[in-house]
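Position 1 is the first residue of the sequence, and the numbers go up from there.
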Amino acid sequence: MPALIPKTYQQQVLESVQAYFDACHEYGSPARAFTAITEKLWGQGNPYRPLPGDFAPDTPYFCLRVPTGGGKTWLAAKSVALINTHWLRSEHSVILWLAPSDSIREQTLKALKDRFHPYHAALREAGAVTMLDLQEAQSVTRATLDTSTVVIVATRQAFQVSNTEHYKVYQSNGALMQHFEHLTAAQRVRLLHEGEGANRTMPYSLANVLRLRRPFVIVDEAHNSRTTLAFDMLARLNPSGIFELTATPDMERTPS
């Protein structure tokens with residue numbers, strides 16, 4: 001299947017994402033950058049609504065409003081190269097792609113892994129890419145994270161604390177121990193811990209690997225995930241940025 005040629009509005013979306021990332025560096029503030037870029041786009045700067053919860057103040061956060069059938073998955077895949085180049089300014093990154101359901105997660109992962117699918121072609125613009133589901137991520141090596149952009153496709157529910165017995169993303173995993181070798185005391189103190197006092201331990205968990213790597217989070221169908229618990233879950237992962245995708249953003253109760 002040939003690569004998709006973006007429609008005018010799709011190209012405008014990608015250009016606005018790039019402009020926002022560049023402005024975040026220029027202004028040193030995701031809030032000031034957002035107001036400046038929206039003023040350039042529409043003639044009036046929109047107020048920035050910061051992430052609710054315990055996030056780093058430099059974490060960019062925005063929502064792409066794309067109509068149903070408008071190619072939002074393709075736009076997200078194309079945006080990975082922009083995330084690396086214009087925001088993180090790094091050759092590689094960790095992308096946590098959160099789908100609203102298992103069925104959409106399976107469809108998204110299958111398309112992104114398919115070398116003949118336009119989604120995969122869009123993703124490959126970021127260079128070397130490794131696609132993983134949550135089970136595969138439980139044994140990801142440090143070398144893989146150091147040499148490719150790793151895209152982990154999961155559901156939001158997988159990272160809810162109530163589901164840790166099933167997905168084990170917060171539990172120690174010997175296969176991930178290598179990621180925690182030679183950490184400084186400052187790095188260790190910023191990781192998730194279990195227990196209290198003398199029984200307090202730092203699990204070798206996937207959640208802690210993600211905290212170390214500060215994943216950029218893509219939230220699909222984000223209008224279904226705008227609760228305090230959802231943002232608390234994201235904050236536990238210490239993301240480097242969050243962008244949401246939806247055709248119907250919540251504009252009143254908890255607007256992006």
Side-chain angles (χ1 to χ4, degrees), residues 24 29-31 34 47-64 76 83 87-88 93-102 104-105 132-134 137-138 150-173 176 179-180 186-197 199-246 248-256:
C24 283
S29 162
F34 184 84
Y48 181 72
R49 298 182 174 91
L51 283 159
D54 186 20
F55 294 89
D58 65 344
T59 306
Y61 167 58
F62 59 96
C63 177
L64 298 184
I83 292 166
W87 170 234
L88 299 177
S93 66
V94 176
I95 305 293
L96 181 60
W97 190 310
L98 297 178
S101 66
D102 270 323
I104 294 177
R105 175 191 63 80
L132 301 174
D133 63 21
L134 203 57
Q138 292 283 3
V150 175
V151 181
I152 301 171
V153 182
T155 62
R156 296 188 291 271
Q157 294 79 4
F159 287 88
Q160 292 176 354
V161 173
S162 59
N163 284 342
T164 56
E165 284 301 314
H166 181 62
Y167 290 101
K168 302 186 184 302
V169 295
Y170 295 99
Q171 297 179 359
S172 261
N173 178 351
L176 298 174
H179 297 276
F180 303 94
Q187 286 176 312
R188 288 181 176 275
V189 77
R190 289 195 294 267
L191 297 180
L192 301 172
H193 287 73
E194 295 176 343
E196 298 291 339
N199 296 321
R200 193 167 187 261
T201 60
M202 183 196 72
Y204 301 135
S205 64
L206 178 59
N208 269 336
V209 172
L210 292 174
R211 279 188 70 87
L212 283 171
R213 295 284 176 161
R214 298 202 68 195
F216 196 101
V217 181
I218 296 172
V219 185
D220 193 9
E221 298 293 341
H223 60 279
N224 292 322
S225 182
R226 299 199 50 74
T227 65
T228 299
L229 288 176
F231 284 109
D232 287 347
M233 175 272 289
L234 292 174
R236 283 195 294 273
L237 304 178
N238 190 29
S240 60
I242 298 173
F243 88 65
E244 304 174 333
L245 292 159
T246 181
T248 56
D250 182 346
M251 304 295 285
E252 296 179 0
R253 292 177 304 163
T254 56
S256 298

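- Using a distance-only test at 3.5 Å, with no hydrogens or angles considered, no donor-acceptor pair links the side chain of Thr155 to the main chain of Asp102.
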May I have the step-by-step check of side-chain contact (heavy atoms from CB on, under 4.5 Å) for Phe159 and Leu96, ending in yes or no?
CA-CA 11 Å; Phe159 287 88; Leu96 181 60; 4.0 Å; yes
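- Panel note: side chain Trp87, backbone Ser240; a donor-acceptor pair is recorded below 3.5 Å.
- Pro60 and Cys24 get closest at one heavy-atom pair: CB-SG, 4.1 Å.
- One finds the CD1 atom of Ile104 at 5.5 Å from the CD atom of Glu221 (value rounded to the nearest 0.5 Å).
- Looking at every heavy atom in both residues, Ala154 comes nearest to Leu134 through CB-CD1, 4.1 Å.
- Listed here is the closest heavy atom pair of Ile242 and Phe216: N-CZ, 3.9 Å.
- Atom CD of Gln157 is separated from atom CZ of Arg105 by 10.5 Å, given to the nearest 0.5 angstrom.
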What do the steps show when you test Val219 against Leu245 for side-chain contact (heavy atoms from CB on, under 4.5 Å), and what is the final call?
CA-CA 6 Å; Val219 185; Leu245 292 159; over 6 Å; no
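- No side-chain donor-acceptor contact under 3.5 Å links Asp220 to the backbone of Ala99.
- Val150 is listed as a side-chain neighbour of Ile152, based on a closest heavy-atom distance under 4.5 Å.
- Judged by distance alone, with hydrogens and angles left aside, the side-chain atoms of Arg214 form a donor-acceptor pair with the main-chain N or O of Pro239 at under 3.5 Å.
- Annotation: the span from Asp54 atom CG to Asn238 atom CG amounts to 9.0 Å, rounded to 0.5 Å.
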Are Val209 and Leu212 close enough, and set up right, to give a side-chain contact (heavy atoms from CB on, under 4.5 Å), and what steps lead you there?
CA-CA 5 Å; Val209 172; Leu212 283 171; 5.6 Å; no
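- The two residues Leu176 and Ser205 have their closest heavy-atom pair at CD1-C, 3.7 Å.
- A pairwise comparison of heavy atoms in Tyr170 and Ala207 identifies CD2-CB, 3.5 Å as the closest pair.
- Each of Val217, Leu98, Leu234 was compared with Arg156 under the side-chain contact (heavy atoms from CB on, under 4.5 Å) criterion, and only Leu98 meets it.
- Formation of a donor-acceptor pair under 3.5 Å by the Asn173 side chain with backbone atoms of Gln138 is found in this model.
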Please evaluate residues Arg49 and Tyr61 with respect to the criterion side-chain hydrogen bond (donor to acceptor under 3.5 Å, both in side chains), reporting the C-alpha separation (whole Å), side-chain torsions for both, the decisive distance (0.1 Å), and the verdict.
CA-CA 8 Å; Arg49 298 182 174 91; Tyr61 167 58; over 6 Å; no
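- Counting heavy atoms from C-beta outward, Ile83 and Ile95 have side chains that approach closer than 4.5 Å.
- In this structure, OH on Tyr48 lies 9.5 Å from CZ on Phe62, to the nearest 0.5 angstrom.
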Test log, rule side-chain contact (heavy atoms from CB on, under 4.5 Å), inputs Leu51 and Thr59
CA-CA 8 Å; Leu51 283 159; Thr59 306; 3.7 Å; yes
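- At distances below 3.5 Å, not a single donor-acceptor pair connects side-chain atoms of Thr201 with backbone N or O atoms of Pro203.
- In this structure, the separation between CD on Gln171 and CG on Asn208 is 12.5 Å, given to the nearest 0.5 Å.
- Going from atom NE2 of His193 over to atom CZ of Arg200 covers 4.5 Å, rounded to the nearest 0.5 Å.
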